[in-house]
Structure formats: structure tokens, C-alpha cells
Amino acid sequence: MRRMTIVAAAALAAAATFASGAVASAAPLHRPVFPPGTPETIAEGLLTPLSLAVSKQGTVYVSQTFAGTLNRVDDDGTVTEVASSAVAGNQVAAVSTKGKTVFYTETAPDHSSAVLKALPKHGDPYTVADLYAHESETNPDQVNTYGFVGLPEDCAAQIDPTVPPFLPASYAGVVDTNPHGSLALDDGVYIADAGANAILRADYDGTVETVAVLPAGDPVVATAEVIAMFGYPECAIGYEYRFEPVPTDVELGPDGWLYVTSLPGGPESPALGARGAVYKVNPDTGETIRVATGLVGATNLAISKKSGTIWVTELFGGAEGTGQVSVIRPNESTPEPYLALSSPAAIELHKGSLYVTTDAFVPDDTGAPQPIGKVTVVPLTGSGHAEDSAHR
């Protein structure tokens with residue numbers, strides 16, 4: 001995502017449209033496939049818990065992304081810091097586990113560096129791969145063109161990319177890295193990079209390669225309202241605009257494909273419609289297919305390896321825009337509201353329960369996130385999920 005911090009930029013955009021609210025009712029908004037049980041808070045007082053993982057043994061790890069820490073949630077609810085960013089101000093995200101090792105990323109706020117790190121059970125954190133080096137050398141999404149489609153040159157010349165929203169009239173993908181979600185498998189760690197607009201694979205020897213580049217989003221017609229929102233000249237009214245895709249999480253489906261949530265670029269509120277999506281990616285060929293759209297603030301997903309049911313956190317979803325978890329039934333493409341939760345950011349499925357970070361980005365009066373984030377456990381009351389887990 002060009003010159004923006006993922007989720008933060010989205011949250012600020014949505015905050016202009018919706019007022020922050022308390023936790024919404026835990027009652028399901030629509031009769032889902034597997035009804036949720038009563039949510040239980042197992043940890044609280046977190047600052048921007050934007051990434052979450054549950055180990056095969058059931059240990060919960062959560063990032064406090066803007067605080068730059070990786071934390072373990074103990075059985076009594078105690079939050080213990082197990083790693084922190086090596087550089088003050090760097091952000092921690094993209095948490096996943098394999099065996100007894102925890103993987104996470106550390107990224108500079110201006111996206112000028114990003115590395116994948118590993119924390120073994122007995123040992124200190126170490127760097128697995130340099131993600132920024134791969135991005136700066138290959139810039140995978142330079143194959144995509146974003147911005148206005150067919151805008152006359154005299155109109156394009158009136159758009160100054162040095163002022164907000166810092167976007168030229170038309171541009172190819174730029175060098176930018178902002179890893180947001182990860183998935184550790186036998187052949188490496190797959191990474192949803194919201195800056196590179198790509199899915200990467202980091203081998204355990206440090207080699208990084210591009211698995212797939214997400215396609216540019218469906219074009220949005222620049223109405224008078226859209227022009228006013230972005231400060232573009234009136235001569236651009238009526239032309240189509242293509243925003244960047246922004247992958248935020250990656251999980252493995254029962255069909256062997258990777259499933260990816262994506263923000264649509266631009267404002268994450270429904271101002272331009274519910275444009276967030278879920279894609280599936282063939283990890284061998286890079287083939288990318290859109291599974292579903294109609295999401296608002298799609299920041300994370302969990303998928304049942306038995307049924308293929310997908311749950312998605314919508315940071316700004318729901319009737320009030322304060323957040324919800326939606327469900328996508330197997331072989332269907334329309335998300336359905338599943339559970340209203342306040343500002344849900346990350347989600348994992350483990351042994352018949354959904355683990356969700358809530359109140360993950362609720363700004364105060366100054367627009368800054370508050371340290372009120374929680375880890376919430378939602379049992380699934382339907383059968384057939386006991387063996388489901390977020391882990392390989």
C-alpha cells in the first residue's frame with residue numbers, strides 16, 4: 001500500500017465515517033452454519049493486537065504491533081512479553097507457529113526495512129529472511145498499474161503526487177513492504193505482504209520468492225463525491241480508478257490452496273462500497289482466483305480444514321461499522337454476518353474455537369489507538385470441528 005501504514009491508514013479513514021463504540025452484542029447477526037457460543041475474554045489491555053497465532057499445544061501468541069512486542073498469553077490471562085523489536089518504533093506483526101517455534105515480522109514504520117524472525121522455545125530470536133531486500137530487488141507488483149484509466153494528459157497533469165493522498169494519476173507498483181500475516185508450513189513461511197501487494201514464501205534458509213501478485217482491484221468510478229474525498233480535479237469525474245490490492249493474511253485451505261484476505265486500497269469505510277475480498281492462490285503456480293467480496297476491513301481469516309468454511313474479521317464491518325466476524329460457506333461467494341465484535345483484527349481456529357483479537361484499533365479523540373485490545377475465545381457450538389486447528 002503506497003505510503004500508508006496498513007490498518008492504521010484504514011482505521012483513520014473509517015474513523016472519519018464511524019464513531020468508536022463499545023463492544024457490540026455477542027448475539028449472531030444471522031443464523032450461520034455453526035452458531036457461535038458465548039465469547040470469553042482471556043487477555044486484555046493490549047495495544048493494537050493485530051496478529052495472533054495459537055500453537056498446536058494451545059499456546060496463544062499475540063502481537064502488540066505498534067508497541068513492537070510479541071507476547072504469550074498464559075493460562076491465567078497474564079500477558080508475557082517474549083520478544084520485542086530490535087529498533088525502537090519498529091512494528092511486530094505476521095505471527096504464526098510451527099512446532100515449538102514462533103515466527104513473526106519486524107517492520108520499520110516507514111517500510112524501509114522488514115525481516116522475518118523466528119523465536120525457538122529455548123533460545124533467542126533470530127532473523128530468518130530479509131523481506132525488504134526481496135522487495136527492493138524484485139518489486140513484484142510492478143506488473144500492475146494503478147490509478148485512473150484513460151485519464152487525459154491535461155487532467156492528469158493537475159494531480160500533484162507530493163500532496164495527500166500522495167498518489168499519481170497513474171503508476172505501476174512501487175517498492176514497499178509491510179508484512180501483515182504469515183503461515184508456517186514445511187516448505188517455508190508464506191507471508192501476506194500488504195505493501196508489496198503479494199504473497200511471498202521465505203524458505204528456512206533465508207531465500208525469499210514471490211508466490212503470487214494480487215490483481216488490481218475492480219475499478220471505481222470517480223464520482224463528484226470521490227473526487228472531493230481525494231482532492232482530485234473535477235476533470236477526473238466519470239473516469240475509472242484502480243486501487244491497489246492489499247493482502248492481509250494467508251491460511252491453508254483443505255484443497256491445498258492458500259486463502260488470502262485483502263483490503264481494497266483507498267478508504268476502508270463503506271464510502272466506496274464493501275470492496276474487501278478473499279482470494280485463493282495456488283502455491284505452485286501462483287494462479288489467483290477471487291473467492292468472495294463484499295467485506296469491509298478484511299484483516300484476517302481462519303478456515304476449517306475439514307469443511308472449508310471461512311471466517312473473516314471485518315475491522316469496520318457490521319451495521320454500525322464497529323466490527324464483525326463474517327462467515328463464507330463452502331462453495332459460496334457471499335459473506336454472511338456471523339458475530340458482532342468490536343474492532344476485530346486477527347482470528348484463528350483451534351480445536352473447535354475461534355480465537356479473535358477485539359478492540360484492536362479503537363481510536364481515542366486524537367485518533368491514536370487505545371491499549372484496550374483483548375484476546376477473545378468463541379466456541380463453535382456445531383459439531384465436526386474438534387480436530388480443526390490453525391496449525392500444520
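Not counting sequence neighbours, the partners of T207 by the side-chain contact (heavy atoms from CB on, under 4.5 Å) test are D203, D205. T78 is linked by a side-chain contact (heavy atoms from CB on, under 4.5 Å) to D74, D76, T80, counting only residues two or more places apart in sequence or in another chain. For E225, the side chain to side chain donor-acceptor pair (under 3.5 Å) criterion is met by T223, not counting sequence neighbours. By the side-chain contact (heavy atoms from CB on, under 4.5 Å) test, D284 pairs with N282, sequence neighbours left out. Applying the salt bridge (Lys or Arg N to Asp or Glu O under 4.0 Å) rule to D255 yields the partners K280; only residues at least two apart in sequence or on another chain are considered. Not counting sequence neighbours, D160 has no partner by the salt bridge (Lys or Arg N to Asp or Glu O under 4.0 Å) test. Listed by chain and number, the residues in a salt bridge (Lys or Arg N to Asp or Glu O under 4.0 Å) with E40 amount to none (sequence neighbours excluded). In this view, D154 satisfies the side chain to side chain donor-acceptor pair (under 3.5 Å) rule with no residue, not counting sequence neighbours.
If you check the side chains of E251 and Y190, you find no donor sitting under 3.5 Å from an acceptor. Between the side chains of Y259 and D249, no donor-acceptor pair is found at a separation under 3.5 Å. For the residue pair N300 and T313, no side-chain donor N or O sits within less than 3.5 Å of a side-chain acceptor on the partner. There is a side-chain donor-acceptor pair under 3.5 Å between T210 and H134. When only modelled atom types and interatomic distance are considered, S96 and S182 share a side-chain donor-acceptor pair under 3.5 Å.
Just one residue in the list Y241, F230, F243, Y239 forms a ring-ring contact (aromatic ring centres under 6.0 Å, His included) with F148, and that residue is Y241.
Residues E44 and K374 are not paired through a salt bridge, judged by the lack of any N-O separation under 4.0 Å between the basic side chain and the carboxylate.
Among pairs with a residue in residues 82-102, none fulfils ring pair (Phe, Tyr, Trp, His ring centres under 6.0 Å), at least two apart in sequence or across chains.
Remark: the backbone N or O of A129 is not paired with any side-chain donor or acceptor of T127 at under 3.5 angstrom. Side-chain atoms of Q142 come within 3.5 Å of backbone atoms of T138 as a donor-acceptor pair (strictly under, hydrogens ignored).
Cluster membership for Y61 and V79, using ILVMFWY side-chain heavy atoms within less than 4.5 angstrom, is not shared.
Few gaps surround CD on E332; more than 12 heavy atoms of other groups in view lie less than 6.0 Å from it.
Hydrophobic cluster membership of L116, counting Ile, Leu, Val, Met, Phe, Trp and Tyr whose side-chain heavy atoms lie under 4.5 Å apart directly or via other members: F103, Y126, V128, L131, V189, I191, L200, Y204, V208. Applying the under-4.5 Å side-chain rule to Ile, Leu, Val, Met, Phe, Trp and Tyr, the cluster around V213 extends to V143. When hydrophobic side chains of Ile, Leu, Val, Met, Phe, Trp and Tyr are connected at separations under 4.5 Å, V87 ends up as a singleton with no cluster partners.
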